[in-house]
Structure formats: C-alpha cells, structure tokens
Amino acid sequence: MAAISRDDVAHLARLARIDIPESELDHYASQLDAILEAVDKVSGLDTSGVEPMSHPVKMENVFREDIPAPSLNAQQALAGAPAVEDSRFRVPRILDEE
Amino acid sequence: MSELIRKDASELSALLQAGDISSVELTQAHLDRIDAVDGKVHAFLHVDHQGAIASARAVDERRSNGDALGPLAGVPLALKDILATKGLPTTVGSRMLEGWIPPYDATVVTKLREAGIVILGKTNMDEFAMGSSTEHSAYGPTHNPWDLERIPGGSGGGSSASLAAFEAPLAIGTDTGGSIRQPAAVTGTVGVKPTYGGVSRYGVVALASSLDQVGPCGRTVLDTALLHSVIAGHDPMDQTSINSPVPAVVEAAKRGDIAGMRIGVVKELGGDGYQSGVRQRFDEAVVVLQSLGAQIVEVSCPSFDFALAAYYLILPSECSSNLAKFDGIRFGLRAGDDGTRSVEQVMSQTRAAGFGDEVIRRIILGTYALSAGYYDAYYGQAQKVRALIAQDFAKAFAQVDVLISPTAPTTAFKIGEKLDDPLAMYLNDIATIPVNLAGIPGMSLPIGLAPEDNLPVGIQIMAPAMADDRLYNVGAALERALLAQWGAPILSSMAGV
C-alpha cells in the first residue's frame with residue numbers, strides 16, 4: 001500500500017506553504033512514496049536502549065558576553081527586501097478581509 | 001593556455017613570494033581561462049572580474065610594501081555560491097535568491113580576504129546544496145571537464161569542475177552528505193570535509209545544520225591543507241564552532257609518513273553496487289598503502305547499511321525547518337503579491353515559484369517525517385540509527401588510525417541519466433554519508449582512472465573528530481606514491497576542455 005497519497009502531498013504542501021499545482025501532485029506522490037519505502041529501512045534496526053543523537057558535538061548553553069557592537073543599519077537590512085515602505089518590510093495583508 | 005594556470009597553489013605561492021609573478025598577472029590568467037572555457041564547463045554562476053583584479057592589485061601593493069603576508073596571498077580561488085559575499089551575488093543555485101546581494105561576508109570569506117586570497121567568482125551548485133550532480137541548479141548544470149556530457153558531481157560540482165578545468169587552483173565547497181568529496185572523486189581532484197565544527201558556518205546558507213560543513217578543495221593534498229589552515233578555527237559567531245586548536249594539517253601534508261599506521265578497510269562500503277573499475281583502483285590503492293608500511297585490516301561497521309535511510313530522514317527534517325525562512329518577506333523572490341492575496345498565499349506562491357523539484361521533494365518529506373504520528377517512527381528512529389553509526393566509528397577507531405573506502409560507487413554518470421529518479425541519485429552518497437552523520441572528517445583523493453571508462457576514481461579517507469591531520473598525512477603518502485607510479489598528475493591525462 002502506498003505510504004503517501006496525492007491528498008497527503010497536497011496537505012503537506014499546505015503545511016509547508018508551497019503552492020504545488022494540482023497537475024504535479026501525482027508525480028510528487030509516486031516519487032515520495034518510493035523514497036519513503038526506502039527510508040523505512042531504519043525501522044529494521046534494533047535501537048532499543050539507544051539514545052537518539054541530534055548533533056555530532058555535544059554542546060549546550062554556549063554563551064558570550066552581551067557587548068554592544070556595530071550591526072547592519074536599516075538601509076542595509078532592507079536592501080535585499082522584495083518590498084519596502086517607510087524603512088520597513090512591506091508585507092501583504094495578514095488578516096483575511098473576507 | 002598560460003602555463004601559470006596549470007601550476008599548484010603551493011608553486012604559485014613560491015613564485016609570488018619570490019616576486020617572479022604578480023597576483024594581477026596570475027589572476028588575469030585565470031580570468032582569461034574562465035572566459036575561454038566556462039561557456040562549456042559552466043562552473044561559475046558569477047565571475048567577479050573587477051573585484052578579483054582589485055583584490056590582486058591590493059595584495060601586490062602590500063607585498064611591494066614589505067607587509068607580512070600568508071602563504072596563499074595573491075592566489076586565486078573559486079567560491080561555492082552558498083557562502084555569503086558582501087557586494088557579490090549569492091544565489092545558492094536557486095531562483096529564490098536570484099539577484100540577492102548579501103550585506104555581510106561569511107566568516108570563511110572574511111578569513112579568505114584577510115589571507116589575501118583572490119576570489120574569482122561564485123561556483124555553480126545543486127539548488128540549496130541538494131543533489132549529487134549539479135543538475136538541480138536553477139541556472140543549468142555544470143559539465144565535467146573530463147567529459148562534457150557527464151556530471152561533475154554535486155552539490156559542489158562547480159567548485160571541483162573549476163579545479164579540473166584549470167579555471168582556479170583552489171576552491172571552497174560545503175559538504176552535508178558528500179558534496180565536497182563526491183565531486184572531488186569524479187573530477188580527479190582533492191576535497192576535504194573537516195571535522196564538524198572545525199570551520200565556521202556563519203554566513204553559509206544552511207541545508208541541514210547538524211551535518212553541514214565548509215571545506216577546502218584543491219588539486220593536491222598540500223594545496224588543500226594550506227587552504228584548510230586558512231579557513232579553520234573557532235568563531236564566536238557560530239555556536240557549534242569547536243574552541244580548540246586547528247589540527248596541524250599543513251605539517252601532516254608535508255610529512256606523508258604512514259609506516260606502522262593501522263588502516264581499516266570498511267567492509268560495508270564497497271563490493272556489490274560499486275563499479276568494477278572503482279573496486280579495482282581501490283584495491284590497488286590498498287596495496288600501495290601496504291607497501292608504504294601501513295598495516296591493513298578489514299573493519300565491519302554494520303549500521304552503515306542503514307546510513308542512507310537515516311540520512312534521508314534527518315536531512316529533509318532539518319532542511320524543511322531551515323528553508324522556512326525563504327518566504328518572500330525579507331529577502332529574495334516574492335511572487336503573486338498583486339494586492340489581492342494574503343500573506344500566506346503570497347508565501348505559498350513564492351515558494352512554489354522559487355524552489356525547484358528536488359527542494360520541494362525534500363521539504364515535503366521533512367514535513368512528513370516531523371509530523372505528529374510519524375515523528376518517533378521516522379525522525380526519532382533515524383536519530384537512534386545515527387547514534388549507532390557514531391558508535392561503529394568509535395569502535396573502529398579503537399582498532400585503527402584511519403578508515404578507507406571508495407568515495408563514490410561509480411565514476412561520473414551522464415547528465416540527465418538519473419535526474420528523474422531521486423533514489424538512484426541518492427545512492428551516489430552511500431559511502432560519504434556516514435562521515436557527516438558522525439561529524440568526523442573525510443577526504444577524497446584521486447587514485448586513477450577506471451579502466452572501463454577512463455574516468456577518475458577517488459578513495460575516501462576517514463579519521464576521528466579533530467584528527468583531520470591524519471587525512472593529510474595518509475593522503476600525502478598515497479599521492480606521492482601514485483605520482484611516482486604515474487609519472488604525472490592525474491589531470492595531465494585529461495583530454496582538455
């Protein structure tokens with residue numbers, strides 16, 4: 001049985017905020033299904049009692065002194081923005097008016 | 001062809017220091033070479049003619065003033081387009097960042113500039129470093145100088161191809177699952193993935209933060225070591241940066257003495273699925289290492305058989321999170337913002353327009369692996385497999401000083417051959433992935449041409465964390481012995497672009 005359907009891909013794409021065209025959903029579903037079948041191999045290894053490893057170097061709470069230093073000014077920070085208004089990022093409306 | 005462009009960085013360094021050549025002359029020779037051949041190779045996404053000459057002139061002036069300069073001052077370099085460069089486009093091979101000009105330099109770029117290294121331009125790569133062939137670049141593939149119809153490896157195919165095509169004597173890459181080592185293998189060049197945390201990731205566009213590492217690429221072991229020593233070291237701007245001295249890589253590359261060393265051949269990385277010419281050249285290299293006084297033993301790392309599966313759960317999970325920042329709000333592309341659409345609709349349209357197929361596949365896969373109900377079975381289980389792989393390495397390094405394997409299962413394949421079969425593409429990294437999962441250093445070094453297709457084969461050398469110097473010691477010994485056998489470097493047998 002397929003692990004991932006066309007509808008699953010559409011749902012995941014919505015979660016990931018990617019507007020995948022209807023016509024491409026089946027293609028993605030079949031490729032992702034093959035990949036998932038392959039990666040499911042991880043379930044074949046006995047990992048009871050094994051601590052998960054999230055990172056190669058064990059480090060925690062890396063702190064530095066909080067010393068003010070020069071950083072980007074507003075003009076530099078906005079230089080690569082797709083839309084700017086009044087020295088701020090201009091964004092499309094957040095709340096739906098409908 | 002100018003003879004200068006065929007010289008190693010260490011030779012060029014000597015000529016520059018002796019005053020026999022200027023950096024402007026050297027840089028111009030490389031820019032001319034790029035102008036002559038890059039239409040065919042497409043190693044570069046941006047060539048910075050003016051900036052490179054200006055940097056070269058500044059180094060020449062400092063030298064004539066008698067300033068103390070590092071060994072690579074005035075030597076040109078090709079930089080992977082994943083590192084932020086102030087004032088120079090940084091696209092990461094994606095439409096998402098087309099035309100984006102960073103307002104700051106990555107720490108590695110700052111170090112290169114401080115060392116007087118001349119940045120020629122930015123090299124092509126698979127989009128957001130996802131791929132093993134450079135075919136996933138939004139700007140078209142890079143062609144392997146050995147055979148223009150073949151891939152140069154990936155994701156850093158542009159960097160390795162620029163070395164093999166004599167467009168640059170040095171290059172910078174990044175390696176998340178093999179993106180420095182596999183391109184080095186299939187182009188007949190040298191590439192090193194340093195210990196995780198050994199080189200700063202500040203200003204490097206993140207793919208998978210627990211796996212990504214910046215590293216040096218060159219045509220010889222010594223050149224690669226010289227570059228390694230420039231870019232490595234602690235950086236307070238990267239919280240995962242290791243705060244301890246840089247391993248003595250240059251000294252190791254000059255030493256090349258492996259008498260009495262214990263070298264382990266990884267049983268799981270070889271055999272079935274590896275091209276016969278790759279296996280043959282690897283077996284011959286093992287004999288050479290033995291003749292140099294190394295003791296060869298076979299080592300078994302049983303959980304490596306699960307590394308590819310674990311990697312393709314961990315990587316998509318991390319990248320789906322890392323790439324959330326590309327939403328069309330603060331930088332890069334914005335699509336569909338016509339005043340009628342909401343911010344979420346604009347984000348969704350921007351991401352569909354800006355990301356290519358492979359990036360979308362991995363984001364969807366990561367979103368799935370991290371979603372409620374699947375997290376433990378996929379991402380959680382993959383992290384446990386990762387722990388077992390690290391344990392296998394630890395056990396192996398209790399018996400031997402370094403481990404070896406072929407770098408890639410095949411030589412360079414044809415452009416287009418695997419493009420629509422993601423799983424077949426993923427298999428290219430089967431031997432390089434374990435190193436990233438464990439965070440240890442790895443090198444790829446050319447060991448000859450496969451008899452059946454006359455294309456380069458690479459050997460992978462792996463060492464414990466922060467023992468990067470061992471890679472260079474073993475690599476230098478093997479390189480010297482092979483050079484004596486061949487009579488000339490491997491790239492001299494290339495037909496030429």
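Remember, it's a predicted structure, so these values are computed and weren't measured experimentally.
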Let me know if A:Asn73 has heavy atoms under 4.5 Å from chain B in its side chain, its backbone, both or neither. neither

Okay, A:Val62 and chain B: the region with an atom under 4.5 Å from a heavy atom over there is side chain

Interface check, chain B: of A:Val9, A:Thr47, A:Ile20, A:Asp8, most non-hydrogen pairs under 4.5 Å belong to A:Thr47

Tell me, side chain or backbone of A:Gln31 under 4.5 Å from chain B's heavy atoms, or both, or neither? side chain

Test item: B:Val359 and B:Ser94 side chains (from C-beta on) under 4.5 Å apart, heavy atoms: no

Heavy-atom distances under 4.5 Å only: say whether B:Ala377 touches chain A with side chain, backbone, both or neither. backbone

Charged N to carboxylate O below 4.0 Å: is that the case for A:Asp26 and A:Arg6? yes

Straight-line distance of B:Ser321 OG to B:Leu370 CG, nearest 0.5 Å: 7.5 Å

For the interface with chain B, which of A:Val91, A:Leu15, A:Leu12, A:Leu78 has the highest count of heavy-atom pairs at distances below 4.5 Å? A:Leu12

May I ask you to check whether over 12 heavy atoms, not counting those of B:Tyr104, lie within 6.0 Å of atom OH? yes

So does B:Phe304 get a backbone contact from the side chain of B:Glu268, meaning a donor-acceptor N/O pair under 3.5 Å? no

Between B:Gly380, B:Ala382, B:Gly332, B:Ala390, which shows the greatest number of heavy-atom pairs under 4.5 Å with chain A? B:Gly332

B:Tyr312 vs B:Ile433, test: side-chain contact (heavy atoms from CB on, under 4.5 Å). Steps then yes/no. CA-CA 10 Å; B:Tyr312 276 101; B:Ile433 279 171; 4.2 Å; yes

Among B:Asn243, B:Ile440, B:Asp420, which residue forms the greatest number of heavy-atom pairs with chain A at distances under 4.5 Å? B:Asp420

Is the count of non-hydrogen atoms from other residues, nucleotides or ligands lying under 6.0 Å from A:Glu37 atom CD greater than 12? no

Does any heavy atom of chain A fall under 4.5 Å from the side chain of B:Ile364, the backbone, both, or neither of them? both

Under a 4.5 Å heavy-atom cutoff, which of A:Ala38, A:Ser54, A:Ala13 has the most pairs with chain B? A:Ser54

Where on B:Arg386 is there a heavy atom nearer than 4.5 Å to chain A: the side chain, the backbone, both, or neither? both

Can you establish whether the number of heavy atoms outside A:Lys41 located under 6.0 Å from its atom NZ is more than 12? yes

Part of A:Ser43 within contact of chain B (heavy atom distance under 4.5 Å): backbone

Chain A contact via B:Leu437 - which portion, at a heavy-atom distance below 4.5 Å: backbone

Portion of B:Tyr426 that has a non-hydrogen atom of chain A nearer than 4.5 angstrom: side chain

By a 4.5 Å heavy-atom criterion (distance strictly below it), what part of B:Thr367 contacts chain A: side chain, backbone, both, or neither? both

Max heavy-atom pairs within cutoff under 4.5 Å with chain A, candidates B:Ala369, B:Ala352, B:Ser348, goes to B:Ser348

Crowding at NE2, A:His55 (>12 non-hydrogen neighbours, <6.0 Å): yes

Just so I understand: if I count every heavy-atom pair under 4.5 Å between each of B:Asp305, B:Leu323, B:Thr195 and chain A, which residue has the most? B:Asp305

Pick one of side chain, backbone, both or neither for A:Arg14, based on which atoms fall under 4.5 Å of a heavy atom in chain B. neither

So which part of A:Leu72 gets closer than 4.5 Å to some heavy atom of chain B, the side chain, the backbone, both or neither? side chain

Go through the atoms of A:His27 and report whether side chain, backbone, both or neither lie under 4.5 Å from a heavy atom of chain B. side chain

Quick check on A:Ala79 against chain B: is it the side chain, the backbone, both or neither that has a heavy atom closer than 4.5 Å? neither

Around B:Gln239, counting heavy atoms of other residues, nucleotides and ligands shown, do more than 12 lie under 6.0 Å from its CD? no

Can you tell me how far CE of B:Met347 sits from CD1 of B:Ile329, rounded to the nearest 0.5 angstrom? 4.5 Å

Contact part of B:Ser317 toward chain A, heavy-atom cut-off under 4.5 Å: side chain, backbone, both or neither? neither

Start with the C-alpha distance between B:Asp337 and B:Val343, add both sets of side-chain angles, then the distance that settles side-chain contact (heavy atoms from CB on, under 4.5 Å), and finish with yes or no. CA-CA 8 Å; B:Asp337 185 15; B:Val343 72; over 6 Å; no

Please determine, among B:Gly439, B:Ala465, B:Pro422, B:Gly197, the option with the most heavy-atom pairs under 4.5 Å with chain A. B:Pro422

If you measure from the Lys or Arg side-chain nitrogens to the Asp or Glu carboxylate oxygens, is any gap between B:Lys418 and B:Asp421 under 4.0 Å? no

Looking at B:Leu365, B:Ile360, B:Val385, which one has more heavy-atom pairs under 4.5 Å with chain A than the rest? B:Ile360

Quick check, are the ring centers of B:Phe128 and B:His136 under 6.0 angstrom apart? no

